[in-house]
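Okay, so here's the structure we're looking at.
Bear in mind the structure is a predicted one, so any value in this text is a computation, not a measurement. Hydrogens, waters and symmetry mates play no part in the numbers below; they use all other heavy atoms, side chains included.
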Amino acid sequence: MPGSAQFRNQVTAFLNFCRLEKGLAVNSIDAYSADLSRFIQFFDVPEAPSDTDALRHYLDHLYQSGLGSRSVARHLTTLRNFYGFLLRENQIDRDPTEHLRPARPWQKIPNFLNLEEIDRLIQAPGESRPTRLRDSAMLQLLYAAGLRVSELCRVGMGDLNQSLGFVKTTGKGNKQRLVPVGTEAIRAVELYLEKGRPALLKGRASKYLFITARGGPMTRQCFWKLLTDYGKEAGIFRGLSPHVIRHSFATHLLEGGADLRSVQVMLGHADISTTQIYTHVMRSRLRDTVQKHHPRA
């Protein structure tokens, strides 16, 4: 292990404490040893640094070197245990990790389709066969209401109010919500109900709105495959999934001026922090507004 003799002795004493007194597993000891070896290599000092800013700089270095948020958080846990040991042994006067917090991990902005791609996808099924009428109605409703694929497949015959223009759905935790549905989706569903669904059922009964050629309810897996196939027909090949359509629904609402709280309700998010991943749209719209209207933009 590199570093000065005193710094190495501090680390060795900590590892021995973990092994002999705390009885930690070999894997845990090895992880502590690897983390602290990297820590020693970074600081060319005679003993463990006691400055919080220096430790914060070290965490920044870990991020810049390519480590993920979880790995950096694990390093910070190692340092907290190490400095807690030094404090108990009276080798330092205060714990420099006390007020250290790992940087909040970046949230990945969800993939979404632009309006032209959505139009191409929705037009892909056409109206040539009963199954394609069904698929067109499902795509229209998925995008119009931002449903989860499981919610879409479970829509019952009495859940869509065509005259008032809303769909009742049951989301996570068995929580029901009402989501507005636009006229285009309503028309697509009505055409499917008139010419597609009766041809698929062939006199059989089903409580579900969207059914397969065998009369059973549409499954998540089956719809996922249908969506992928229609994506290829529309020239959309990159990671298309039902959730991408849901992301597109939320993104386009915000681009059109909807407030975040309304989008939260329509998506069925229990906490608005889940919906805040879409604030990249609001930031983008704000930036465009400044560039268009600010005299010195």
_Any side-chain heavy-atom pair of R88 and F17 under 4.5 Å_ = yes
*State the CD1-CZ distance between I118 and F249, to the nearest 0.5 angstrom.*
11.5 Å
_Separation between CD of E255 and OG of S248, rounded to the nearest 0.5 Å_ = 9.5 Å
*Smallest separation among heavy atoms of V167 and A145, with atom names*: CG1-CB, 4.1 Å
*Taking side chain as C-beta onward, heavy atoms only, is L67 less than 4.5 Å from H75?*
yes
*Would you say R197's side chain and L209's backbone share a donor-acceptor pair under 3.5 angstrom?*
yes
*Measure the shortest side-chain to side-chain distance between K172 and R148 over non-hydrogen atoms and say whether it is less than 4.5 angstrom.*
yes
*If you take all heavy atoms of P242 and V149, which pair is closest and at what distance?*
CB-CB, 3.6 Å
_Any heavy-atom pair between the side chains of L226 and M138 that's under 4.5 Å?_
no
*Can you tell me if NE2 on H57 sees more than 12 non-hydrogen neighbours from other groups inside 6.0 Å?*
no
*Which is it for L147 and I245 under the side chain to side chain contact (heavy atoms under 4.5 Å, CB included) test, yes or no, and what are the steps along the way?*
CA-CA 9 Å; L147 302 178; I245 311 303; over 6 Å; no
*What pair of heavy atoms forms the shortest contact from G171 to E151, and how long is it?*
CA-OE2, 3.2 Å
_4.5 Å side-chain heavy-atom contact, L200 and Y192_ = yes
_Hydrophobic cluster membership, L178 vs M266, 4.5 Å side-chain cutoff_ = no
*Hey, mind stepping through L113 and L240 against side chain to side chain contact (heavy atoms under 4.5 Å, CB included) and telling me if it holds?*
CA-CA 9 Å; L113 304 181; L240 187 58; 4.0 Å; yes
*With hydrophobic residues grouped by side-chain heavy-atom distances under 4.5 Å, do L142 and M157 end up in a single group?*
yes
_For Y83 and F39, take the angle between the two ring planes, folded into 0 to 90°, and tell me which bin it lands in: parallel under 30, tilted 30 to 60, perpendicular over 60._
perpendicular
*F82, L20: one ILVMFWY side-chain cluster at the under-4.5 Å cut-off?*
no
*Work out which heavy atom in G196 is nearest to a heavy atom in P130; give both atom names and the distance.*
O-CB, 3.7 Å
*asked:* Test side chain to side chain contact (heavy atoms under 4.5 Å, CB included) on L193 and Q162; report intermediate values, then the result.
replied: CA-CA 11 Å; L193 287 173; Q162 295 151 251; 4.0 Å; yes
*Determine, for R56 against D60, whether the closest basic-nitrogen to carboxylate-oxygen distance falls under 4.0 angstrom.*
no
*Decide yes or no for Q140 and I122: does some side-chain heavy atom of the first lie under 4.5 Å from some side-chain heavy atom of the second?*
yes
*Taking atom types as modelled, is there a side-chain donor on S65 or R38 under 3.5 Å from an acceptor on the other?*
yes
*Can you tell me how far CG of L253 sits from CG of L267, rounded to the nearest 0.5 angstrom?*
8.0 Å
*asked:* If we ignore hydrogens and angles and just use 3.5 Å, is the side chain of R74 paired with the main-chain N or O of D35 as donor and acceptor?
replied: no
_Atom of R120, atom of A234 and distance for their closest heavy-atom approach_ = NE-O, 2.7 Å
*Atom CG of D93 with >12 non-hydrogen neighbours under 6.0 angstrom*: no
*Taking the side chain from T219 and the backbone from C222, do they hold a donor-acceptor pair closer than 3.5 Å?*
yes
*Would the F210 and F223 ring centres measure less than 6.0 Å apart?*
no
*Which class fits the ring pair F112 and H252: parallel under 30°, tilted 30 to 60°, perpendicular over 60°?*
perpendicular
*Hey, could you give me the CG/CG distance between L227 and L139, rounded to the nearest 0.5 Å?*
6.0 Å
_When you measure from the side chain of E117 to the backbone of N114, do you find a donor-acceptor pair of N or O atoms at a distance under 3.5 Å?_
yes
*Mind checking whether L115 and L121 sit in one hydrophobic cluster, side chains of I, L, V, M, F, W, Y counted as touching below 4.5 Å?*
yes
*Other residues, nucleotides, ligands: >12 heavy atoms within 6.0 Å of R261 CZ*: no
*asked:* Is there a side-chain contact between F14 and N81 in this structure, where contact means two heavy atoms from C-beta onward sitting under 4.5 Å apart?
replied: yes
*Indicate if L87 and F7 have the same hydrophobic cluster label, given that clusters are the connected sets of ILVMFWY residues with side-chain heavy-atom separations under 4.5 angstrom.*
yes
_Within this structure, what is the CD-OG1 distance for the pair E98 and T52, rounded to the nearest 0.5 Å?_
8.5 Å
_salt bridge (charged side-chain N to carboxylate O under 4.0 Å, His left out): pairs with one or both residues in residues 128-143, sequence neighbours excluded_ = R132-E233
_Which heavy atom of L201 sits nearest to which heavy atom of S206, and what is that distance?_
CD2-CB, 4.0 Å
*With a cut-off of 6.0 Å (strictly less than), are more than 12 heavy atoms of other residues, nucleotides or ligands near CZ of R214?*
no
*What's the spacing between M218 CE and T212 OG1 if we round to 0.5 Å?*
6.5 Å
*Side-chain contact, heavy-atom cut-off 4.5 Å: E190 with I186?*
yes
*Any pair counted as salt bridge (charged side-chain N to carboxylate O under 4.0 Å, His left out), so long as it reaches residues 159-170, sequence neighbours left out*: none
